[in-house]
2 protein chains.
Amino acid sequence: MPRPLPSLADIARHAGVAISTVSRVLRGQGTVAPATARRITAAARRLRYRPNLLVQGMQTGRTRTIGVMVPVDDPFHADMVCGIHDALVAEDFCPLVLWSGPARPPHRTVTELEQLHRMIDRRVDGIILRPVIDDADDVYFHEAIERDLPVIAVDRVLTNAQVDFVGCDDADGGRLAAEHFLALGHRHLGHVAGALFTSTGRQRHDAFLAAAAAAGAACQVAEDPTFSDGEQQACQLLAAAPRITAMFCANDLLAAGAYRAAARLGRRIPADLSIIGFGDLPLAALMAPPLTTVQQHAYQIGSLAARRMLVRCAGDRSAPQRLLVPVTFAPRASTARVP
Amino acid sequence: MPRPLPSLADIARHAGVAISTVSRVLRGQGTVAPATARRITAAARRLRYRPNLLVQGMQTGRTRTIGVMVPVDDPFHADMVCGIHDALVAEDFCPLVLWSGPARPPHRTVTELEQLHRMIDRRVDGIILRPVIDDADDVYFHEAIERDLPVIAVDRVLTNAQVDFVGCDDADGGRLAAEHFLALGHRHLGHVAGALFTSTGRQRHDAFLAAAAAAGAACQVAEDPTFSDGEQQACQLLAAAPRITAMFCANDLLAAGAYRAAARLGRRIPADLSIIGFGDLPLAALMAPPLTTVQQHAYQIGSLAARRMLVRCAGDRSAPQRLLVPVTFAPRASTARVP
DNA sequence: ATGAAAGCGCTAACAG
DNA sequence: CTGTTAGCGCTTTCAT
């Protein structure tokens, strides 16, 4: 039972003034005689006063806390959360990070709605979320947006609602991958796609194919909506189109699977098969050979999203924005000239 | 400006009863006529009422929120935070995750005290923290413990304060590493230590040396308090004691540095030099050769710490406990019989 | 079984 | 310049 912290009343008593005077001094508002102010600040310090943001939040309706529905169990999202954290803290806000989905034993699965309620019950000033695969969009619409809570989607767009979006330029990434292959002389391309019903997967796919088509190069596609087995997908792709010499994978994990597939089929990387990933996870540079990939800059995405949220919290009511953090291309050793 | 959510007063008005009756029904306390209760729950649902935990927190002094001072920027700590999150959420609590230290551009460094205040100002019910290198212990003592806030240290012990500790069995890890080497016939061991002024580094070091000494094996140590350059440390170690055939690194990153050192010196792993890491980061299994290492189970540590915190929050005032999650040994391909 | 009222810590008018 | 007062949404007596 944490003992109650000192209150304004305690300070007032010690300084021999009214509570409202203390409030004025501590908030730097209104006009107070310097001598009185000094007595009050001294008493506050002596009592080690800390403001009660619960009360302040109740009064003003603003808690300086932002709900963040992003898991931290993979490096990409963790990095994004870091960016959000740093940007919020810089403005004296806090992230309240919660996420849904299955938990490891001994814990149980938690629903998105449940977590959303936990945030709302604590009266967060807004919600930054990374949409999950299924159609949980309605939940956000119903629970948050209708309640006039600012919502910002990161990484993937929220399809059923008009809200700000911050992500990376997935299309540009797909284009860069294609152009890299084309510049190396490849004419028979393959793409191991992620889930094509997500905005990220769809755009990487479309842009890669568009750039290939524009150059008159052939391109075969395999889709792996679960992201679970890049090896399997890459094998099928190479079996269906043996002439493929270059493969663009929708993320680095799929690329790792493709490495295994190549090894299984006796194709050397990059001599026989060039591979490009997406994301630049920490493991990408450590793979053998180091993976050529598109860098996403999750930290910047998070930071930008948080700053956008702060603008919304400050009262901005303008139309939803679509903010793209540029991707960069990291050429490493998994790509080479066409054999 | 989020519009104010419906309040008990709104429900009371809609149901034609007094506020206190609504309160009773929603909290399942007291006795209310079934018919009245039904009218009230119906009105609450219709208005989409959500309780205001700020007010509840102000009243009761409990916010069902736990401050978590653990960074999310490396996989080990992120995993720990996952465990904390899942265990807290399972009991309808929330983690408030904040951490100190330098932030990437464009953000600035944040102090531990600042973050601690952010938590206290929001009236968290307790604080789980991963002590940093410097002696910030006093801060916690002064700001939290003296305020009667339960504090739990994870991973590293908080030296200057008597609080619960949850970590892994670092000593056992050091011992396991030594025994593995000894079983493979190694007699000339090396240890690239982390910071020996941390409980983790110290215990891994002490236990490894003790086990080596007990078996009469020689052991040379290099310390790298900054964890910044395993390659450099390993090189020096091998230069100073060329007969070393087995090296225990205080963490996996140092082990990665040792790999580079071995390559530089023309020592093959594991043929000429066996290496053991600590932590089992995701990269460990991906290294070439896959790294033999001690697994720490950060998720379990986090989960256990959170559950301990919930017990403290429930009023447990017993003496500080020291809880150790067992480590496990993961033999992979970086260790072999002595040449 | 239900209502009225006090109070939690603080802000924001409004008086002096 | 400073004090008084009325809430904010809810819990908790105390009446009825």
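Numbers restart at 1 for each chain; the letters A, B, ... are given by sequence-line order, proteins then strands.
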### Query
In this structure, are over 12 heavy atoms from other groups packed under 6.0 Å from A:Q321 atom CD?
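For A:Q321, atom CD is crowded (more than 12 foreign heavy atoms under 6.0 Å).
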### Query
Heavy-atom count around B:R108 CZ within 6.0 Å, excluding the residue itself: above 12?
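Buried by this count: over 12 neighbours within 6.0 Å.
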#### Entry: Qualifying ring pair (Phe, Tyr, Trp, His ring centres under 6.0 Å) pairs, either residue in residues 99-123 of chain A, two or more places apart
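Qualifying pairs, neighbours excluded: A:W99-B:H85.
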Would you kindly give the [atom1]-to-[atom2] distance between [X] and [N], to the nearest whole Å?
{"X": "B:M58", "N": "C:dC10", "atom1": "CE", "atom2": "P", "value": "9 Å"}
{"X": "A:R27", "N": "C:dA13", "atom1": "CZ", "atom2": "P", "value": "11 Å"}
{"X": "A:Q29", "N": "C:dA13", "atom1": "CD", "atom2": "P", "value": "10 Å"}

### Query
Regarding A:T63 and A:R122, is there a side-chain donor-to-acceptor distance under 3.5 Å anywhere?
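Short answer, no.
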### Task
Verify the distance criterion only: is there a donor paired with an acceptor across the side chains of A:Y49 and A:D10 at less than 3.5 Å?
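No, because no side-chain N or O of A:Y49 sits under 3.5 Å from a partner of the opposite role on A:D10.
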### Start and end of the DNA chain D segment that chain A contacts, any atom under 4.0 Å from a heavy atom
D:dC1 to D:dC8
### Query
Out of curiosity, B:R24 CZ to B:T36 OG1, how far, rounded to the nearest 0.5 Å?
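Atom-to-atom, B:R24:CZ and B:T36:OG1 are 10.5 Å apart.
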### Message
Within this structure, what is the CG-CD1 distance for the pair A:L158 and A:I152, rounded to the nearest 0.5 Å?
### Response
11.5 Å
#### Entry: Where B:R104 and A:D86 come nearest, the two heavy atoms and their spacing
N-OD2, 4.0 Å
### Task
Using the test side chain to side chain donor-acceptor pair (under 3.5 Å), find all partners of B:R118 that sit at least two apart in sequence or belong to another chain.
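Applying side chain to side chain donor-acceptor pair (under 3.5 Å) to B:R118 gives A:D92, B:E114, B:Q115.
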### Phosphate-side-chain proximity, A:Q56 and C:dT11, N/O vs OP1/OP2 below 4.0 Å
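True: A:Q56 side-chain N/O within range (under 4.0 Å) of C:dT11 OP1/OP2.
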### Query
What residues form a side chain to side chain contact (heavy atoms under 4.5 Å, CB included) with A:L324, not counting sequence neighbours?
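Side chain to side chain contact (heavy atoms under 4.5 Å, CB included) list for A:L324, sorted by chain: A:F165, A:D169, A:R322.
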### Message
Among residues 39-52 of chain A, which ones have heavy-atom contacts with DNA chain C below 4.0 Å?
### Response
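Those residues are A:Y49, A:N52.
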Report, one pair per line, the protein and nucleotides 1-3 of chain C atoms (nitrogen or oxygen only) whose separation is under 3.5 Å.
| from | atom 1 | to | atom 2 | distance (Å) |
| --- | --- | --- | --- | --- |
| C:dA1 | OP2 | B:T31 | OG1 | 2.7 |
| C:dT2 | OP1 | B:T36 | OG1 | 2.6 |
| C:dT2 | OP2 | B:A33 | N | 2.6 |
| C:dT2 | OP2 | B:T36 | OG1 | 3.4 |
| C:dG3 | OP2 | B:A18 | N | 2.7 |
| C:dG3 | OP2 | B:T21 | OG1 | 2.8 |
| C:dG3 | N7 | B:S20 | OG | 3.3 |
| C:dG3 | N7 | B:R24 | NH2 | 2.9 |
| C:dG3 | O6 | B:R24 | NH1 | 3.2 |

